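As a basis for the values below, the full set of heavy atoms in this structure was taken, side chains included, without hydrogen atoms, waters or symmetry mates. For clarity, every value in this text was computed on a predicted model and none was experimentally measured. Here is how names work: the chains are called A, B, and so on, in the same order as the sequence lines, proteins then strands, and each is numbered from 1.
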Amino acid sequence: MDFDLSDEQRLLRDNVERLAAPTEAKADSPAWSRERWKQFAELGLLALPFAEEDGGLGWGPVETMIVMEAFGKGLVREPYLSTVVIAGGLIRHGCNGAARKELAGRVASGDLVATFAHVEREARHALADVALSARKTNEGFVLDGVKSVVPHGDRADLLFVSARSTGERHEREGISLFCVDAAAKGVTRRAYGLADGTPGAEIRLDNVVVPAGAVVGEPGRALPLIERVTDEAIAALCAEAVGVMNEMCDMTVSYLKTRKQFGRPIGAFQALQHRAADMFIALEQARSMAVYATMMATDPDPAQRSTAVSAAKVTIGRNGRFIGEQAVQLHGGIGMTMEYRLGAYFKRMTAIGMLFGDADHHLRKVTKAGGLELKTG
Amino acid sequence: MDFDLSDEQRLLRDNVERLAAPTEAKADSPAWSRERWKQFAELGLLALPFAEEDGGLGWGPVETMIVMEAFGKGLVREPYLSTVVIAGGLIRHGCNGAARKELAGRVASGDLVATFAHVEREARHALADVALSARKTNEGFVLDGVKSVVPHGDRADLLFVSARSTGERHEREGISLFCVDAAAKGVTRRAYGLADGTPGAEIRLDNVVVPAGAVVGEPGRALPLIERVTDEAIAALCAEAVGVMNEMCDMTVSYLKTRKQFGRPIGAFQALQHRAADMFIALEQARSMAVYATMMATDPDPAQRSTAVSAAKVTIGRNGRFIGEQAVQLHGGIGMTMEYRLGAYFKRMTAIGMLFGDADHHLRKVTKAGGLELKTG
Amino acid sequence: MDLRFTPEEQNFRQEVRSFIAGNLDKETHASMLAGHRPSKEQIVAWQRVLNKKGWATVDWPAEFGGTGWNIIKRHIFREEVQAYPAPEPLAFGVYMVGPVIITFGTEDQKRKFLPRIANLDDWWCQGFSEPGSGSDLASLKAAARRDGDHYIVNGQKTWTTYAQYADWIFCLVRTDPQASKPQEGISFLLIDMKSPGVSLRPIVTVDGGREINEVFFDEVKVPVDNLVGVENRGWDCAKFLLSNERVNTARIGATKERLRRLKKLAAEVQESGRPLIEDQSFAEKLADLEIELKALEITQLRVLANEHKNGKGKPDPASSVLKLRGTELQQRITELTLQAAGPHGLVGENLDAPPGHNEDEIAPEWMRLAAPTYFNTRKVTIYGGSNEIQRNIIAKQILGL
Amino acid sequence: MDLRFTPEEQNFRQEVRSFIAGNLDKETHASMLAGHRPSKEQIVAWQRVLNKKGWATVDWPAEFGGTGWNIIKRHIFREEVQAYPAPEPLAFGVYMVGPVIITFGTEDQKRKFLPRIANLDDWWCQGFSEPGSGSDLASLKAAARRDGDHYIVNGQKTWTTYAQYADWIFCLVRTDPQASKPQEGISFLLIDMKSPGVSLRPIVTVDGGREINEVFFDEVKVPVDNLVGVENRGWDCAKFLLSNERVNTARIGATKERLRRLKKLAAEVQESGRPLIEDQSFAEKLADLEIELKALEITQLRVLANEHKNGKGKPDPASSVLKLRGTELQQRITELTLQAAGPHGLVGENLDAPPGHNEDEIAPEWMRLAAPTYFNTRKVTIYGGSNEIQRNIIAKQILGL
C-alpha cells in the first residue's frame, strides 16, 4: 500500500492543474472549445487510458483520477468523461483489433468526440432498462427509439447506443451495444443545456441502419460491458466531484475570512467555523472514497467492483450535496447568483450527484449486495 | 380549536408539578413509595380517567397529558403509566359493569397496583406476536408461558396478561386478555431494574388456573383493545417524554450559563448556543406532537388514531434521543455520572424511546399506513 | 384545551376553498400546480379578486380593511390559499409595509397607501439589505440627509425581490451617522420607484431566473411625509416587520401542497417496474417529512395562539422556530422532488420559462422544474434573517444565553 | 500510488491473526466478543504475552523496544488486535506516557520506566482534567512547588480512568503561577500512586460501571527526577500526547468488529417472523455505517502515510477528523445495537457485571449489555478533547479561521 504519487503522476497533476485552472471567465461560459480539446490531445490526456499498442499512454485509473480531480477544480466542460472515460472504456473493453486501434487513435488525436447514449425516458437509474429496439436484418441491424439526457450528445461525432435486440425491458440478457455515426441517416438530436449548464441532447433514432460490424462486444450480452464502463465512469466522476468540492470548500473558507459582518470576519463566528470544519471532514471522507473507487474500479470481481463503486457514489452524493448547500448558505445571497462562480460549482455538484444514480440508489445497491466487506485486509 | 388550559386544568397542573417537583435526592433513588402513591390518590390523580359512575373524575387525555408531563419533569417512578393509564385503560375499555367499577375503585384508592404483562421474549414490537398459551377448560382457562420486561411487574398486585387462546403466533385473531392475581398459584416473578432504573420483572405463569370471569373483553379478540390502550399509553408516554426533555433542556441551558471555560461561560460560545437552539426546536416540535397524540389518542377511527400516535412516537423518539445526547455532550464528563441528576433523565428518555417500539418501528407503521393525512383541516 | 377544528371552523374552511375554486383563474392554478411561480399579472389579478371579496388583508385590523377573523380563521385562510395553490397577497405590501404603516404611520399615510396596498394598485418592494449589510442589517450605509421638506437619499440596496415590478420601495436608511449605536440612526422611508435617481440592475440567480435586483439611489428626493414613525427610530419598524416575516416564511400550507404533489408523482414514477413510492427508504422519507410538517403546523398554531393571548405587536421569538424548520422543510421537499425526477431532473430549465412550453417531450414539466426549483429554494434559509441568525435569536432571546 | 495491500502485508496480517488466535486466553476473547470490557487481569496477562513476543510497543522506536515496522504494518497490527478482539496494550502507558518519556524524558527515566510500561509491570493513569478544567485544559490548578529535591503537589484531578488499578499517574501541574500565559507555567510530572497524600474517590457512571475516579493530592512529595522535560514546558508534552491520542481514539478495527457482530445479530433477531436485517431501513443504516467506516479507514491510512512522510513528532491536525468521525461511528453502532435489542434492551445491566452470569434466561447477554454500552459510549465524544474542541482545531489549525 502506497499513497504517494510517482514523479510522472506528479508532473501530470501539475500540468493538468495548470491547464484547467479555474478562471472567473470560465464559470460564466458553460461552452467548451475544440481548441482546448486539442490542447488536451497535445498533452496526451486524450490518449491516457488506451494501451500503448493502440497508440495510447497505457495509464490507469490513478492517472484518470488525477485528471478528473483537476478538471473538477477548474470546472472543465470539455467532454472528457463522455469521450475518453466512457466511450474510451467501451472502445478499450468492447472493440476488437483494428477497430479498437482506429477509434483509440481518433479519440487520442482529438478528432473524435464520442458519447454514450443509454438513458431512456422511463428507465431512471436501472442500467438494464433498455427499450430502444435493434432489429436484426441480413446486413446488420435497424435501430429505432429515443435516448435522452445524453451528455455532450449535441456535438458528439460518434454515438455508442445501447439497444434491445432480444428479450423484454428490464431483462439483463438481450442488450446490444452499437457504434453509430451521429451523422447517419435517421439520427436527429435535440440539444439543450443540462441543469448544470453542460450540454446535453435527446437523440432520436428512426430506423437507423447499421452494419453487423457496428456491434460492440457480444450481441445481446452488452450489459456486463456497460456495467463495467459505468463503474469506471463513476470512479472518474467521484474524482471530479472531489475537485469540485475542494474548490467550494476553498471558496467558502476564503469568503469567511474576508466577508465582514458585525465588525469582524464572519469566519470569527464559532458556529460558522464548525460548519466549515464539517465541510472539511466531508471533503476528506469523500476524497478517501474517490481513492477507494479508483482502486476498486478495475477489480476483476464485478460484484466487489460494483459494490465498492456504489459505496463511493453514496459518499460523493451526500457529502457533495452537504458541501454545496453549506457553501451557498455560508456565502449568503452572493452564493445564489450567476455572477459569482460558486453557483456553477454548486450546480455541477448537483448534476454529479444525479448522474449514474443518486446516493439513495447506490445505497440500495450496496445494501442488496449485503454491504461492504468488513473483513480486515 | 383552543390551546388554553381551563382553570381546573391549570390547578391540576400546578398541584401535580408541586407534588412531582424534582429534587436532587430523587434522581439517585429509583425506588418509588406507596406513601407518595397514596398522596396521588388523595389528589385524585389515580381516579383521573375513570368515569364518574365508576367513582372516577371522568377526566380525559388532556388531563393525563398534564399529569404525565409533570411526572416526566420530576422523574416520578411511581407506576402511574402501568396502573392508571394502561391497566386503567384496559379496565375502562375492557371490563364490564361491576368488575369495572370495583377495579376502578381499587385503583383510584391507591390500594391496587396493576400492570400489563404483554411483551414476550421473541416478539420485539409486534403487538400481535403473542405465544403465551391460554388453554380452555370447563371452568375457565389455564395460562402457561413467560412474559418479560413487565414494568413494575415486581410489585404489581394485579396483572393483565395477554395470551393466545387460538390460532398461530403473529395472528391478529385468537388473542385473549386475562386479569390475573399476582399472588395466584403458578405465578413467579423475577424482579430486576430496567435500563433506566425503573423496576421491572419477568413473569412466569406455570399452568395458572383462571376462571372464565377473568377474561377481559371478548375472548380471542383482545387485540383491538390492546392496540387502543397501547395508543393511549404511547400518548401519555409522549407527554412524560416532553417533561423529561424539558428538564434536560433547562438543566443544559443553566449549565451553559454557569460553567466557565476559557474565562467565560461556555454558553457564550456560539457553536454551543446553536446546539442549545436546536435542542429547543426539538423540544417544541416534540411538545407539538405530544399534543397531537393526546388529541388523536381517542379518535374513533383506529387507523387514524394509530397512525397519528405512531407519528408522535417517531418525533418523541428522535428528538428525545437528540436532546438527551446533546445534554450529556454539552455537560461533558459530569453528564456521564450517576451523581448528577441529568444521567437519570437521559436514561429515562432512552427507555421511553424503546418502550412500545422505537422511532424506526413507528416510522415504518406510518409509512405502511400511507403516511399522515396532508389534507388541510 | 381542544385541539380539533370546530364545525364552524371546518365550514369556514370549506367556504374559503369554494371561493378560491370558483374565482381563481384556471391557468394561474394550473401553472402553479406545475411548480411555476405566478406571474406579476396573475398575482395582481388574484389579489384584486380577493380584495373585492374583502379578503386581501385579513390580518389587518378591521378598521383598515381587515376581516376581524380570529387567529384560527386567519390561519385557515392562509393555509387554504397556499395549499390550493393560489397566489398569496403580495407579502411586501400586505404582510410587510402595510402593518408597519398601520402601526407606525400617520393618518395621511394610512389613507394614502393602505387601500392601494390592499388592491395591489401599488406594487411594493423591500429595501433592507445592502452588499455590505446582510445578517448585520444595522450596519447599513444607504443614507438620507434632510433638505427642507425632503430627504435626499444616496446608496444601494440589494437582493430586492421583484423590484422590476415595483411602484414603491420601503427602505431603511441612515439619517444620523453620529448615533451612538448603529441601530439608532436609522429611519424607515417610503420611496416612489419613479423618482429621478432610482435605478435597477437585475441579478440573475443560479436557477436562471430574474427575481432579484440591486437598487441604486442617486440623490433621490423623498418628501419628509414619506417617513414612517419617528426619524432615527426606524429600527423599531424593522424589528416589527422582521418578526412578522418569520411567521410568514414557514409557508406550511404551501409545503403541504408540494408534499402532496410529490407523493402523487412518486406513485407514478417507476424504476425497474416498481413505483418509487414502494421503495421503503423513499416512502419513509416522505412519511418523515409529513410528520415534521405536522409538528410544525401545531407549533405554528401554538405560536399564533400565544401571540393572540399576549396581545398583538409583541413578536414571539418562537417564530424563529417556524422560520427555521419551515424553510428547512421547503428545501427538503425540493431535494426529494429532484430525487424523484431521476436522470431527467438533469433536463434543467429556466424557472421563468413560460409554463407548458414545448420541451414537454424531452421530460415532463415537473422534472424539468425540479433542478431549478431546488437551486432557487436555497434562498429561503438565507433571506428573512438567515437560519444562523434565527438560531442566535433563539439562543439569546428565548434561552438567555 | 497503489492502494492495495501487498502480498507481504497480507502475509503479515495472517501472522498477527494466527498469533492472537494461538495465544489469547479463550475466556478473555469470549468475554470481549460478548461486549464486556477486559478486566485488569486480562489486560495485564495479554500485554505480557505481547511483550514476550516483542509486540507490546510496536510504535516505539526500535531502540526502546519497538518493532521497526512501517506505518502500514503498525496499522495492520493494531487493526487485527482490535478486530479480533483482543485487549489492546494499555494506552496510558504504551500510547501516552511512553512516547512522552521517549521524546522528552531523561536517559534514567527511559531506563527506569519504559521496560515496565512495556510489560505492564506498572499500570499508568492520566492526570490531566480537573473539575474546573475540561476543554480549557490550560486553566488547570493542581500545583507543584519546589522544595529541595522534591516537588510538593496539591490539588485534584478528575475523570481518571482506572486510577483504582494504577501504580503511577502522569500529571500536568502548575509550577509557575506567575507565567504570562496559562500554558507556560505547567510541568509534566510522574507520580507514584503509593505516595502518601494521594487518595481516590470513585465516580460511578450512568451505565453503573466504575471506570473513572477523582484523584486528590495533599502535600504529595515527588522527586524532581520525576519531572519530564523542562520545568514549565509541560504543555509541549501535553500537546504531543493529545495529538497521539486523537489517532488512537478512532478505533476503526474495534468498530469493524462491533459492526460485523451487529450485522450477525440483526440477522438472528426477528420481528413478525422476519429477520431485522431484511428490513430495508435497518439494512441501509448498517450499509451506511460500513461506508462511513471504509471512508474513515482510508482517511486514517492517508493521515498515517502523511505523518510518515512529514516525519515523526509532527502531529497532523487532520487527526482531529479521525477522532471526530471515529467516535461518532462508535456511538452510532451502540445506538443501532440498542435498536436491534428491541424491548429486551430494557433489561439493563451493570457493565462491570461478570460475563455470562445467570440473567441469561431473561435476555441474551448482548441485549442486556446494549443499553449500558450505549450509555457508556457517550463518553467518547467528550474525552480526549471533546468533539467541539476537535472542530475548533480543524477550523483554526487546518482552515486558518
- [ ] Report the distance from atom CG of B:Leu372 to atom CG of C:Leu289, rounding to the nearest 0.5 Å.
- [x] 11.0 Å
Task: Per-residue contact mode, C:Glu284 against chain B (heavy atom under 4.5 angstrom) - done: both
Open item on the list: Can a donor-acceptor pair be found, under 3.5 Å and without considering hydrogens, that links the side chain of C:Arg302 to the backbone of B:Glu284?
Closed with: yes
TODO: Mind ranking C:Leu399, C:Val321, C:Ile72 by heavy-atom pairs under 4.5 Å with chain B and telling me who comes out on top?
DONE: C:Leu399
TODO: Please tell me if the side chains of C:Thr6 and B:Asp2 come closer than 4.5 Å, counting only heavy atoms from C-beta onward.
DONE: no
Task: Any residue meeting side chain to side chain donor-acceptor pair (under 3.5 Å) with C:Arg261, in chain and number order, not counting sequence neighbours - done: none
Open item on the list: If I measure from the heavy atoms of chain C, does B:Arg318 come under 4.5 Å with its side chain, its backbone, both, or neither?
Closed with: side chain
Task: ring-ring contact (aromatic ring centres under 6.0 Å, His included) partners of C:His75, counting only residues at least two apart - done: none
Task: Proximal to chain B - members of residues 384-394 of chain C, heavy-atom separation under 4.5 Å - done: C:Glu388, C:Arg391, C:Asn392, C:Ile394
Task: Rounded distance (nearest 0.5 Å) linking atom OG of B:Ser288 with atom CG of C:Leu296 - done: 8.0 Å
Task: B:Gln273 versus chain C, the contacting section by heavy-atom distance below 4.5 Å - done: both
TODO: Could you look at C:Leu301 and say if it's the side chain, the backbone, both or neither that has a heavy atom under 4.5 Å from chain B?
DONE: both
Task: Atom pair OG1/CD of B:Thr307 and C:Glu290 - distance to nearest 0.5 Å - done: 10.5 Å
- [ ] Report yes or no: does C:Lys294 contribute a side-chain atom to a donor-acceptor pair with the main-chain N or O of B:Tyr292 at less than 3.5 Å?
- [x] no
Open item on the list: So, taking the atom named CG in C:Leu401 and the one named CZ in B:Arg275, what distance separates them when rounded to the nearest 0.5 Å?
Closed with: 13.0 Å
Task: Partner chain C: residue of B:Arg364, B:Lys368, B:Met296 with the largest heavy-atom pair count (under 4.5 Å) - done: B:Arg364
- [ ] Can you tell which part of B:Phe3 gets under 4.5 Å to a heavy atom of chain C, answering side chain, backbone, both or neither?
- [x] both
Open item on the list: Does either side chain, that of C:Gln280 or that of B:Thr367, offer a donor lying less than 3.5 Å from an acceptor on the other one?
Closed with: no
Task: Stepwise side chain to side chain contact (heavy atoms under 4.5 Å, CB included) check, B:Met289 with C:Ile291 - done: CA-CA 9 Å; B:Met289 288 309 274; C:Ile291 294 169; 3.8 Å; yes
Open item on the list: Quick check on C:Leu286 against chain B: is it the side chain, the backbone, both or neither that has a heavy atom closer than 4.5 Å?
Closed with: neither
TODO: Heavy-atom distances under 4.5 Å only: say whether B:Val253 touches chain C with side chain, backbone, both or neither.
DONE: both
TODO: Name the region of C:Glu292, side chain, backbone, both or neither, that has any atom closer than 4.5 Å to a heavy atom of chain B.
DONE: both
Open item on the list: Can you tell me which portion of B:Met65 sits under 4.5 Å from chain C's heavy atoms? Options are side chain, backbone, both or neither.
Closed with: side chain
- [ ] Return yes when atom NZ of C:Lys53 has more than 12 non-hydrogen atoms of other residues, nucleotides or ligands closer than 6.0 Å, and no otherwise.
- [x] yes
Task: With C:His29 via side chain to side chain donor-acceptor pair (under 3.5 Å) - residues at least two apart - done: none
Task: Contact leader toward chain B among C:Ala295, C:Ala287, C:Ala283, C:Ala395, where contacts are heavy-atom pairs under 4.5 Å - done: C:Ala295
TODO: Supply the atom-to-atom distance B:Ile281 CD1 to C:Leu324 CG, rounded to the nearest 0.5 angstrom.
DONE: 4.5 Å
Task: Interchain contact, B:Val291 with chain C, by part (heavy-atom threshold 4.5 Å) - done: both
